[in-house]
> 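Here it is: the structure, laid out below.
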Amino acid sequence: MRSGWAHNARWGLRAVQAAVFVLLVVAWELSSRWGWLDPFFFSRPSSVAERVVRWFATGEVYRHIYVTSLETVLAFLVGSLLGVVVGFAFALSPGLSRVFDPYVKVANAMPRIVLAPIFTLWFGLGVLSKVAFGVTLVFFVVFFNTYQGVREVDRNVLNNARMLGATEGDLVRHVLLPSALVWILSSLHTSVGLALVGAVVGEYLGSARGLGYLIQQAEALFDTTGVFAGLVVLAGFVLAVDLLVTSVERRLLRWKPPAHVEEVV
Amino acid sequence: MKLASPPGTCAVRLRRCRRSFRTPDGGVYVALDGVDLEVRAGEFVALVGPTGCGKSTLLNLVAGLLQPDAGSVEVFGEPLVGINRRASYLFQQDVLLPWKTAEENVMLGLVFRRVPREQARRQARAWLERVGLRGFENRYPHQLSGGMRKRVALAQNLIVNPEILLMDEPFAALDVQTRQLMENDLLRIWQEERKTVLFVTHDLEEAIALSDRVVVLSAGPAARPVGEFPVELPRPRDVTEVRLDPAFGDLFRRVWELLRGEVLRAFRLGP
């Protein structure tokens, strides 16, 4: 009974969400047709949809999606790896964290966008500069979470493992790393999202490929329809990435009490 | 496999042990001072005392997790350096790894000893069965009750075949029924294995029901053993039935007379 009720409630919610979408799109379409909105600045949903369909039909959008995906994945992997390694080093060596504390704070507070010109100079207009840009965003999230995760490990849990005969390496592998992983996973949505932001913003600032480039090109030509079409593709892409992250998260956090999993979903 | 140590040898010996801690306001708190304690091999010793008297500190000294400021800790006649490799430690808190199943948690000590996985797994299954958890091998800790988690922790401790078992109020968080079941299981396993046990508790009834000897610790600061009471109740025991034995009540009264003074003193001194 209850699950049936929850089921109905969920579909009811979906229906309302869809209605909101339809209402907004229809209002936008009619406003631009009746001249309340200037199509030059606001385009209209039918043109945007037509453009999106054409992009996929001709296949020209795929290489942009591919490049953006590649940059996102690389930025996420490199940023996470660096974050885990440095986070561990800082958590296990209080001296290190004390010395570098002000540097970490400054680097993290710096608006990352100012680094884009430097990265373009260093790494060129290709994939690398976007990856570097994304890494500066992802690194800090993973770094702070790793640091926290390692520091928060219960002392009794560590002592228990030591009494059972764990070496320092065993402690890292069986206790500290999994504990940090819980924290890192809890910020997975944020860090993947930031990797994507890094890729798209980097492309927008200077590149020859990618979804950010697509939007930037359309904007340069005062092609509002193109800008909106780019946004639609990007939105779909983000949604797909988010679903992927959620499923990965569910697999890796299988051992968690269900309350937590629901929170995450 | 190690041969059981001959009975009568001294498994643990603390001599004139002192241990202090730095307090947050910069002072020094002496938790233990002048602690002399001997535990014979195969003996089950219960350590009772008022809260905050340093029972856990004493256990940590024997475990090698803490070092004494003064005095010495000897294990089977040798001075203890670093972690006590001949002991295992059942903590009061939940210390199972939440991301490992019951079976993986139990086999942890064997994994650390580089025992081949399959062999470790087999032994872990056998131990889970011995503590009454057959069929729960693949459950994660959060899917087990508090009593079941304690059983897993007990199996985790016993699988490494320690000569000395240190226990820090292991059943304090359990409800009365579960607790008595666990105590009986512990006695049954101890009867079979004859480990040396140092069992810390603030529950005098539990101490008497389980042990061969009850040691009373004074109130802190500078706590030390102030009395010893041999428990001459017949074994094997059932913790529920042994409480009805007239000798039990008699001993309880004698120990309580001493313990009550310390509890009141601890109460007056405050935490």
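Sequence lines set the chain letters: A, B, ... in the order given, protein chains first and strands last, and positions in each chain run from 1.
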> Would you say His174(A)'s side chain and Leu108(B)'s backbone share a donor-acceptor pair under 3.5 angstrom?
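No, His174(A) side chain to Leu108(B) backbone: no donor-acceptor pair under 3.5 Å.
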> Is Phe91(B) atom CZ crowded by more than 12 heavy atoms from other residues, nucleotides or ligands, each under 6.0 Å away?
yes
> Can you tell me if CZ on Arg188(B) sees more than 12 non-hydrogen neighbours from other groups inside 6.0 Å?
yes
> I'd like to know whether CZ of Phe21(B) has more than 12 heavy-atom contacts from other residues, nucleotides or ligands below 6.0 angstrom.
yes
> Counting only heavy atoms not in Glu78(B) (residues, nucleotides, ligands), do more than 12 fall under 6.0 Å from its CD?
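Incorrect, the count does not exceed 12.
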> Could you state the interatomic distance from CG (Leu164(A)) to CD1 (Ile159(B)), rounded to the nearest 0.5 Å?
10.0 Å
> Return yes when atom CZ of Arg151(A) has more than 12 non-hydrogen atoms of other residues, nucleotides or ligands closer than 6.0 Å, and no otherwise.
no
> About how many Å separate CG of Leu253(A) and CH2 of Trp99(B), when rounded to the nearest 0.5 Å?
11.5 Å
> Supply the atom-to-atom distance Asn60(B) CG to Asn159(A) CG, rounded to the nearest 0.5 angstrom.
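Answer for the CG-CG pair, Asn60(B) versus Asn159(A), is 7.0 Å.
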> Among Arg114(B), Gln92(B), Arg139(B), who wins on heavy-atom pairs under 4.5 Å with chain A?
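Going by pairs under 4.5 Å, I would pick Arg114(B).
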> Minimum heavy-atom separation for Tyr89(B) and Asn160(A), please, with both atom names.
O-OD1, 3.7 Å
> A quick test of your reading: do over 12 heavy atoms of other residues, nucleotides or ligands sit less than 6.0 Å from CZ of Arg179(B)?
yes
> Between Pro98(B), Pro162(B), Ser88(B), which shows the greatest number of heavy-atom pairs under 4.5 Å with chain A?
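Looking at each of Pro98(B), Pro162(B), Ser88(B) in turn, Pro98(B) comes out on top.
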> Thinking salt bridges, do Arg113(B) and Asp170(A) make one under a 4.0 Å N-O criterion?
no
> Answer yes or no: does atom OH of Tyr29(B) have more than 12 heavy-atom neighbours from other residues, nucleotides or ligands under 6.0 Å?
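Yes - once you tally the heavy atoms of other residues, nucleotides and ligands closer than 6.0 Å, there are more than 12.
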> With heavy-atom distances below 4.5 Å as the criterion, would you say the side chains of Pro141(B) and Trp255(A) are in contact?
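Counting from C-beta outward, Pro141(B) and Trp255(A) never come under 4.5 Å.
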> What part of Gln156(B) is in contact with chain A, defined as an atom under 4.5 angstrom from a non-hydrogen atom: side chain, backbone, both or neither?
both
> Distance-only, no hydrogens or angles: does the Arg162(A) side chain make a donor-acceptor pair with backbone N or O of Leu65(B) under 3.5 Å?
no
> Sort Phe112(B) into side chain, backbone, both or neither according to what part of it lies under 4.5 angstrom from a heavy atom of chain A.
both
